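Shown next, in structure tokens, is the structure this report addresses.
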Amino acid sequence: MVFAAIDIGSNAMRLLFCRVYTVEGKPRFSKEELIRMPVRLGEDVFLQGKITEAKGERLIGTLRGFAELIKAYGVVDYKAVATSAMRVASNGPQIIGKIKEETGIHVEIIDGKNEAAMVFSNHIEELLNPKHAYLYIDVGGGSTELTLYFNSKVISARSFNIGTVRMLLDKVEKEEWEEMKAWLKRNTAGIHPLHAIGSGGNINKIFKISGKKETKHLSYDKLKSIYEMLCSYTYQERIELLGMKPDRADVIIPASKIFLTIMKNADIEKVYVPQVGLSDGLVHQMYENYKADHRK
């Protein structure tokens with residue numbers, strides 16, 4: 001069976017088609033298609049407080065295309081969510097209403113806590129050592145979601161208005177950085193060793209640049225050296241020489257800085273990169289709901 005997930009972020013929006021099948025009694029999730037559109041809603045919202053008409057039309061046009069693809073795929077279920085930019089846009093609810101009216105897609109605006117929970121529902125912890133503690137870090141365009149996992153359970157989760165697009169626009173308050181650092185030190189004190197699990201397109205790209213295949217993690221030092229290498233290139237060089245998409249070539253620098261800041265303040269030596277995100281979490285949730293409904 002195939003599920004579809006739409007993630008409307010502050011930098012890009014994604015449509016994921018994922019097939020779920022059972023192997024030896026356990027579900028196996030296989031990504032079939034991932035379509036990414038660089039709409040960058042955060043550019044409007046973090047500067048003007050709302051989504052402009054031009055950006056809104058582009059958003060709706062993209063979702064109209066997504067709706068046709070979902071119909072053509074004949075999915076079992078779909079779910080669409082919007083995160084940081086839509087959360088703070090003054091006209092967010094009106095845009096959501098217009099999307100429903102013109103495309104038939106119901107979009108749910110989720111808060112930071114829900115976003116963290118959805119990302120964490122990927123059950124990555126099942127693949128890792130239960131004796132270790134992990135900090136799940138999901139860096140987006142408008143916010144960063146942190147989930148601390150220890151002794152086989154989530155012990156703390158928090159969303160911060162620190163995101164890559166916000167940083168590019170110089171719209172992250174100094175107090176927000178200080179609050180995040182304080183939260184990290186307060187919640188990770190005495191937990192050692194602590195490893196990170198990195199989520200989001202930027203850390204996936206950084207991992208790819210590292211050339212690692214066998215080990216699914218990056219050390220703090222390796223991440224720092226890649227960050228310094230990226231900074232040594234101009235924006236244009238990152239596109240032309242490193243083969244990055246234009247909307248990745250600028251945000252990858254602030255994303256690296258966010259990961260390094262978190263790892264430094266939480267005394268984390270390595271970050272695992274399982275290459276999953278919010279869209280994958282949505283698929284997991286839909287599958288669990290489907291299974292529960294068909295058990296009745």
Side-chain angles (χ1 to χ4, degrees), residues 9-11 42 46 83-85 112-113 115-116 119-120 124 132-150 155-210 217-233 235 238 244 248-275 277-278:
S10 303
N11 185 40
F46 304 141
T83 56
S84 185
K113 193 174 179 183
E115 187 177 350
V119 170
F120 202 75
I124 295 304
H132 293 169
Y134 297 92
L135 181 68
Y136 207 129
I137 307 166
D138 181 44
V139 174
S143 62
T144 292
E145 322 304 330
L146 300 178
T147 307
L148 185 60
Y149 182 84
F150 189 43
I155 60 169
S156 192
R158 180 78 185 268
S159 175
F160 294 92
N161 286 331
I162 298 173
T164 58
V165 178
R166 280 188 200 265
M167 285 176 69
L168 286 178
L169 299 170
D170 198 24
K171 289 294 178 181
V172 178
E173 302 291 335
K174 187 185 175 187
E175 291 77 16
E176 196 76 4
W177 281 110
E178 295 310 314
E179 178 56 32
M180 185 175 77
K181 290 174 186 176
W183 184 90
L184 285 164
K185 288 179 178 173
R186 189 168 62 246
N187 283 278
T188 64
I191 300 176
H192 197 80
L194 176 63
H195 301 311
I197 303 168
S199 177
N202 289 296
I203 195 69
N204 291 345
K205 185 66 177 175
I206 291 165
F207 183 79
K208 197 174 176 184
I209 290 169
S210 76
H217 70 260
L218 292 170
S219 68
Y220 175 87
D221 290 340
K222 181 68 175 174
L223 182 56
K224 192 176 180 187
S225 72
I226 292 172
Y227 168 66
E228 288 167 354
M229 179 272 288
L230 291 169
C231 288
S232 72
Y233 286 88
Y235 169 70
R238 289 195 289 274
M244 290 187 188
R248 176 73 68 213
D250 53 359
V251 294
I252 200 163
I253 300 291
S256 305
K257 188 177 177 184
I258 294 169
F259 273 101
L260 288 169
T261 301
I262 291 168
M263 290 175 74
K264 185 177 180 182
N265 282 272
D267 192 23
I268 294 171
E269 280 299 314
K270 60 175 73 165
V271 55
Y272 288 86
V273 188
Q275 297 182 309
L278 179 56

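Counting from 1, the numbers follow the sequence of the chain as shown. Quick caveat, the model's predicted, so the values are computed rather than measured.
We find the CG-NZ distance between Asn265 and Lys185 to be 4.5 Å, quoted to the nearest 0.5 Å. Atom CG of Leu194 and atom CZ of Phe150 lie 9.0 Å apart (nearest 0.5 Å). We find the NZ-NZ distance between Lys222 and Lys224 to be 14.5 Å, quoted to the nearest 0.5 Å. In this structure, the separation between CD1 on Ile252 and OG on Ser256 is 5.5 Å, given to the nearest 0.5 Å.
A 4.5 Å side-chain heavy-atom check between Tyr149 and Ile155 finds every atom pair outside the cut-off. Within the 4.5 Å cutoff, the side chain of Leu230 has heavy atoms near those of the Met244 side chain. Two residues are said to be in side-chain contact when any heavy atoms from C-beta on lie closer than 4.5 Å; Trp183 and Phe160 meet this criterion. The shortest side-chain heavy-atom distance between Ile137 and Leu146 falls under the 4.5 Å cut-off. At least one side-chain heavy atom of Ser210 sits under 4.5 Å from a side-chain heavy atom of Ile226.
Glu145 and Thr147 are not linked by any side-chain donor-acceptor pair at a separation below 3.5 angstrom, with hydrogens and angles left out of the test.
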**Message:** Checking Arg186 against Ser156 for the side chain to side chain donor-acceptor pair (under 3.5 Å) test, could you report, in this order, the C-alpha distance in whole Å, the side-chain angles of both residues, the deciding distance, and whether it holds?
**Reply:** CA-CA 11 Å; Arg186 189 168 62 246; Ser156 192; over 6 Å; no
**Request:** Verify side chain to side chain contact (heavy atoms under 4.5 Å, CB included) between Trp177 and Ile162, making sure each step is shown before the conclusion.
**Result:** CA-CA 7 Å; Trp177 281 110; Ile162 298 173; 3.7 Å; yes
**Request:** Test Tyr227 against Phe259 for side chain to side chain contact (heavy atoms under 4.5 Å, CB included), laying out the working first.
**Result:** CA-CA 10 Å; Tyr227 168 66; Phe259 273 101; over 6 Å; no
**Message:** Set out, in order, the CA-CA distance, both residues' side-chain angles and the distance that settles side chain to side chain contact (heavy atoms under 4.5 Å, CB included) for Ile209 and Lys205, then state yes or no.
**Reply:** CA-CA 6 Å; Ile209 290 169; Lys205 185 66 177 175; 4.3 Å; yes
**Item:** Worked check of side chain to side chain contact (heavy atoms under 4.5 Å, CB included) between Val251 and Met167
**Value:** CA-CA 9 Å; Val251 294; Met167 285 176 69; over 6 Å; no
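Among the candidates Ile268, Leu260, Val271, the single residue satisfying the side chain to side chain contact (heavy atoms under 4.5 Å, CB included) test with Tyr220 is Leu260. Among the candidates Ile203, Asn202, Val172, Thr144, the single residue satisfying the side chain to side chain contact (heavy atoms under 4.5 Å, CB included) test with Ile258 is Thr144.
At least one test fails for Arg238 against the ring of Tyr233: distance under 6.0 Å to the centre or angle within 45° of the axis.
Contact between Gln275 and Phe207 at its shortest, heavy atoms only, is NE2-CD2, 4.2 Å. For Ser199 against Gly277, the heavy-atom pair with the smallest separation is OG-CA, 3.4 Å. Heavy atoms only, all atoms of each residue included: Gly200 and Asp138 are closest at N-OD1, 3.9 Å.
Checked against ring pair (Phe, Tyr, Trp, His ring centres under 6.0 Å), His192 has no partners two or more places apart in sequence or in another chain. Annotation: salt bridge (Lys or Arg N to Asp or Glu O under 4.0 Å) contacts of Arg248 (sequence neighbours excluded): none.
Residue pairs meeting the salt bridge (charged side-chain N to carboxylate O under 4.0 Å, His left out) criterion with at least one partner in residues 250-272, sequence neighbours excluded, are Arg40-Asp250.
In summary, Arg158 and Glu179 engage in a salt bridge, as defined by a charged side-chain N under 4.0 Å from a carboxylate O.
Under a 3.5 Å cut-off, the side chain of Thr188 and the backbone N or O of Ile191 do not form any donor-acceptor pair.
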